[in-house]
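The structure appears right after this line, and notes come after that.
Residue numbers run from 1 in the order of the sequence given.
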Amino acid sequence: MNDRPAGAGGIGRAGMGDRPVRTGTGLTAATAVRYALVPVHRLSLDAVARRSGLHPDLIRRFVALGLVDADRDAAGHLVFDPTAPAVLARVQRLRSGLCLNYASIGLVLDLLDRISLLEAALRGRGTRSENPPWT
């Protein structure tokens with residue numbers, strides 16, 4: 001067994017196998033202590049609203065719809081990744097450019113993320129996506 005906290009042995013994010021699980025001591029994956037190697041800068045709801053130019057209530061609605069990811073801090077307030085204003089700008093571009101409702105924007109965002117993953121996998125294999133193998 002590994003007695004180190006998850007993530008202490010190298011890269012900042014811990015994999016599933018890095019979490020210490022000891023039977024008999026009460027430590028499980030749900031109660032495992034993880035230490036960040038570098039403090040993670042998080043943005044408050046007001047900071048995201050200022051940077052994106054959107055009303056905080058609209059951002060709360062986007063969080064409820066799953067269009068942007070957010071966590072809660074110890075006080076229960078929403079905190080966001082530093083990339084949240086860019087995600088919100090993308091949502092607004094889809095809304096205004098394609099006249100989509102928010103439910104369909106979620107679907108489009110999922111599809112765009114899937115396409116990015118597939119293209120990255122093709123680049124990793126050395127296959128170029130602009131020249132399909134069948135042509």
Side-chain angles (χ1 to χ4, degrees):
M1 283 278 133
N2 186 1
D3 291 332
R4 293 177 298 163
I11 302 174
R13 294 205 293 182
M16 291 299 284
D18 293 338
R19 292 186 181 146
V21 177
R22 287 184 239 149
T23 57
T25 62
L27 184 62
T28 63
T31 60
V33 178
R34 293 190 296 166
Y35 298 102
L37 297 177
V38 178
V40 179
H41 179 68
R42 307 290 286 192
L43 297 175
S44 67
L45 177 62
D46 292 332
V48 171
R50 273 193 313 275
R51 290 183 185 187
S52 63
L54 299 175
H55 195 275
D57 289 339
L58 182 60
I59 296 172
R60 283 188 196 98
R61 179 174 289 159
F62 288 163
V63 170
L65 291 171
L67 298 178
V68 64
D69 294 328
D71 293 322
R72 299 243 178 222
D73 62 2
H77 300 141
L78 288 174
V79 290
F80 298 86
D81 286 331
T83 59
V87 173
L88 290 169
R90 189 178 195 189
V91 168
Q92 289 301 100
R93 282 193 310 270
L94 288 171
R95 173 88 170 148
S96 63
L98 299 177
C99 298
L100 299 173
N101 62 17
Y102 292 126
S104 57
I105 288 174
L107 177 65
V108 169
L109 289 175
D110 289 342
L111 291 173
L112 289 173
D113 289 341
R114 177 74 177 162
I115 289 170
S116 296
L117 288 173
L118 292 172
E119 286 179 343
L122 284 175
R123 277 192 297 274
R125 285 190 356 192
T127 306
R128 291 176 34 188
S129 62
E130 51 274 351
N131 293 329
W134 60 84
T135 58

Minimum-distance pair of heavy atoms, taken over all atoms of P85 and R51: CG-CB, 3.9 Å
Atom pair CG/CG of L67 and L94 - distance to nearest 0.5 Å: 9.5 Å
Whichever hydrophobic residues join L107 through chains of side-chain contacts under 4.5 Å: L111
Pairwise salt bridge (charged side-chain N to carboxylate O under 4.0 Å, His left out) hits with a residue in residues 56-70, at least two apart: D57-R60
Under 4.5 Å side-chain linkage, directly or through intermediates, the cluster mates of L117: none
Sequence neighbours excluded - ring-ring contact (aromatic ring centres under 6.0 Å, His included) pairs with any residue from residues 62-106: F62-Y102
Qualifying residues under side-chain contact (heavy atoms from CB on, under 4.5 Å), relative to A103, sequence neighbours excluded: N101
Shared hydrophobic cluster, L45 / V79 (ILVMFWY, side-chain heavy atoms < 4.5 Å): no
Spacing of CG belonging to L78 relative to CG belonging to L43, to within rounding of 0.5 Å: 12.0 Å
Any pair counted as salt bridge (charged side-chain N to carboxylate O under 4.0 Å, His left out), so long as it reaches residues 74-100, sequence neighbours left out: R42-D81, R90-D113
same_hphob_cluster(L100, V68) at 4.5 Å side-chain heavy-atom cutoff: yes
Same apolar cluster: L118 and L122, side chain cutoff 4.5 Å: no
same_hphob_cluster(L65, L112) at 4.5 Å side-chain heavy-atom cutoff: yes
